[in-house]
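Since the structure comes first, as structure tokens, the remarks are kept for the end.
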Amino acid sequence: MRLFKKNKNLYSDQELLDAYKENSDQKVLADLFSRYTHMIYGVCMKYLQNQDDAADAVMNIYEKLAKEVNRHNILNFSTWLYVTTKNHCFMELRSRKAEEKKHENWKEDYQIFMESEVFLHPIDENELHSEQLKLCIEQLKAEQKECIELFYYKNKCYMEIAEILDINEKKVKSYLQNGKRNLKICMETANDKKE
Amino acid sequence: MTKKNKHIIPSLKQFLNYINNKMNSEKRNAFEKHLQKDPFAEDALDGFLLLDRKKAEKDISIINKKILGQNKTSYNSIYITGIAAAIALLVISSLTYLAINQLSRSKDEKQLGYTEEESLQKEKELIFLAEEDADTGYTQKEITATGSSMERVKKEQPKIIITDQDELIKVQNEKIEEVIEEDYIFYSVESNAGAAPAKPVVAVDIICEEKNESVAIAVLEDADKGSKSSRKTLSPDYKKRPGYIAPLPVKGMESFNKYIEDNAIIPDSIDLVSASVLLRLLISEKGEISNIEVLRSPSPTLSIMAVELIKNGPRWIPAKIDGKSVSEEVILTIDFKK
């Protein structure tokens with residue numbers, strides 16, 4: 001009955017999921033799924049490279065969902081759904097027998113990802129003003145440092161950063177990614193030292 | 001669940017706005033920061049870059065319709081009913097009170113078909129009907145007339161309230177047949193934008209809870225078609241004539257859009273990033289706003305906010321045909337943002 005107290009938009013994924021597990025109301029699952037329809041569609045599009053296939057895949061995933069939800073202990077619905085979606089796409093690709101080996105590798109990737117906890121980089125966790133983080137940023141290579149400062153501290157978008165540094169957007173993204181990875185390593189070693 | 005744990009899902013519109021470069025750089029940065037946190041969204045974006053936007057929108061709405069339509073029994077129908085009943089009761093009792101006031105005021109001046117007690121009795125019946133309607137739990141829709149239309153009604157034909165109501169109920173029943181499955185709520189919004197109370201207020205709000213497609217407005221005919229108050233829409237032919245000028249906000253559309261942009265902010269209590277409310281309103285030949293109806297809205301709160309925005313917004317210049325002011329309907333979309 002607690003579900004009736006507020007508008008369904010106010011429920012978190014987890015609450016809807018628990019409600020579904022409790023009374024298997026397909027409607028609840030449909031509501032939950034429909035929050036992600038467009039994202040799943042986008043991901044399927046990325047991997048299947050065809051819009052009609054993507055639309056079919058979304059429906060197939062929805063149909064599989066009811067069974068899968070009960071089989072797994074889902075800690076984070078969004079991440080789980082993402083993995084399930086990717087998984088579905090890889091299976092689909094594999095069944096097409098195209099580039100089988102390549103996707104075999106992808107599958108390993110996702111399994112590792114599935115087992116690990118969802119990890120948020122400290123910089124994405126609004127810990128921008130941590131002293132340690134600032135120290136680590138100072139130690140980065142010039143391009144990475146510039147990109148991270150512009151993106152996280154000056155709130156510039158990729159496009160603007162590309163313009164300021166006179167590089168293309170892909171470079172910006174890769175500097176950010178590498179910069180973040182280096183930061184993470186730096187932060188972890190610093191924490192180890194403390195202990 | 002605390003807010004922190006809650007996963008934010010960027011809407012399709014946000015993705016498309018990002019791709020089509022319709023965001024300012026501040027919003028772009030915020031969106032990109034989200035992408036950095038959320039590989040799901042990042043992958044989805046990669047996908048959206050590859051696809052045809054119109055087809056994607058269509059596919060997604062079809063899929064959503066399919067999965068949401070598969071399940072007729074709604075777990076949220078019960079609380080919707082509760083809200084509907086509560087709102088209906090509130091609105092009806094306040095409007096009834098107003099109507100009674102009007103009645104007793106006009107009683108002395110006019111020859112009435114029946115006494116105040118009788119009219120009270122009728123009002124009670126109205127309330128009863130409405131309550132019964134609410135109890136059935138589907139939808140609540142009440143159409144009310146205040147001021148002069150009440151008086152007019154009584155002078156000419158004392159029983160018209162009931163027949164009128166019967167007609168309305170009939171309309172409601174037709175609607176309910178559709179509505180049972182669709183989960184729309186109807187309730188009325190008082191929409192007298194400070195104009196003289198002589199104008200009957202007829203407003204019906206449709207809330208389309210989870211469907212994105214547009215919904216046909218419920219029938220709302222005034223009891224007296226010949227009166228000033230009945231809906232006036234110019235025939236499309238008029239609009240094609242060179243002498244026709246559409247109604248406009250006093251300071252022009254640009255300043256009006258700015259007003260909406262500055263004020264249409266989604267309150268924190270609503271978990272939507274963007275939403276739009278479709279309104280229909282009548283601009284009288286004097287430029288007064290009346291008959292504000294909500295045609296489509298994702299939430300009752302936003303419906304009320306949208307109506308308030310229009311009521312408190314700038315005055316309008318009425319439509320003109322060959323320089324002569326005429327009343328005309330306007331359909332407006334109010335885009336709410338966080």
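To find a chain, count down the sequence lines: A is the first, B the second, and so on, and within it residues start at 1.
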(request) With a 4.5 angstrom heavy-atom cut-off, could you sort out which part of B/Phe15 is near chain A: side chain, backbone, both or neither? (result) side chain

(request) Let me know which of B/Leu12, B/Ile9, B/Ile60 forms a side chain to side chain contact (heavy atoms under 4.5 Å, CB included) with A/Met39. (result) B/Ile9

(message) Do A/Lys180 and B/Gln36 have side chains that approach each other closer than 4.5 Å (heavy atoms only, starting at C-beta)?
(response) yes

(message) With a sphere of 6.0 Å drawn around CD of A/Glu169, does it hold more than 12 non-hydrogen atoms of other residues, nucleotides or ligands?
(response) yes

(message) Would you say that more than 12 heavy atoms from the other residues, nucleotides or ligands in this model lie under 6.0 Å from the NZ of B/Lys58, or not?
(response) no

(request) Report, as yes or no, whether the 6.0 Å neighbourhood of atom NZ on A/Lys21 holds more than 12 heavy atoms from other residues, nucleotides or ligands. (result) yes

(message) Under 3.5 Å, is there a donor on one side chain and an acceptor on the other for A/Tyr47 and B/Asp43?
(response) yes

(message) Does atom CD (B/Glu26) have a neighbourhood of more than 12 heavy atoms from anything else shown, all under 6.0 Å?
(response) no

(request) Select one option (side chain, backbone, both, neither) describing which atoms of A/Leu29 are under 4.5 Å from chain B's heavy atoms. (result) neither

(request) Take A/Phe33 and B/Asn64 through the test side-chain contact (heavy atoms from CB on, under 4.5 Å) and record every step on the way to the result. (result) CA-CA 9 Å; A/Phe33 186 83; B/Asn64 273 338; 5.5 Å; no

(message) Can you confirm whether B/Lys55 is buried at NZ, in the sense that more than 12 heavy atoms of other residues, nucleotides or ligands lie under 6.0 Å from that atom?
(response) yes

(message) Given heavy-atom pairs under 4.5 angstrom as the criterion, report whether the side chain, backbone, both or neither of B/Ala56 touches chain A.
(response) both

(message) Do A/Asn155 and B/Lys33 pair up side chain to side chain, a donor and an acceptor below 3.5 Å, judged on atom types alone?
(response) yes

(request) Tell me, for A/Phe77 versus chain B, whether the close heavy atoms (under 4.5 Å) come from the side chain, the backbone, both or neither. (result) neither

(message) Taking side chain to side chain contact (heavy atoms under 4.5 Å, CB included) as the criterion, tell me which of B/Ile62, B/Asp59, B/Ile67 meets it with A/Met59.
(response) B/Ile67

(message) Tell me whether A/Lys134 at atom NZ has more than 12 heavy atoms from other residues, nucleotides or ligands lying less than 6.0 Å away.
(response) yes

(request) Below 4.5 Å from any heavy atom of chain A, which atoms of B/Asn21 appear? Answer side chain, backbone, both or neither. (result) side chain

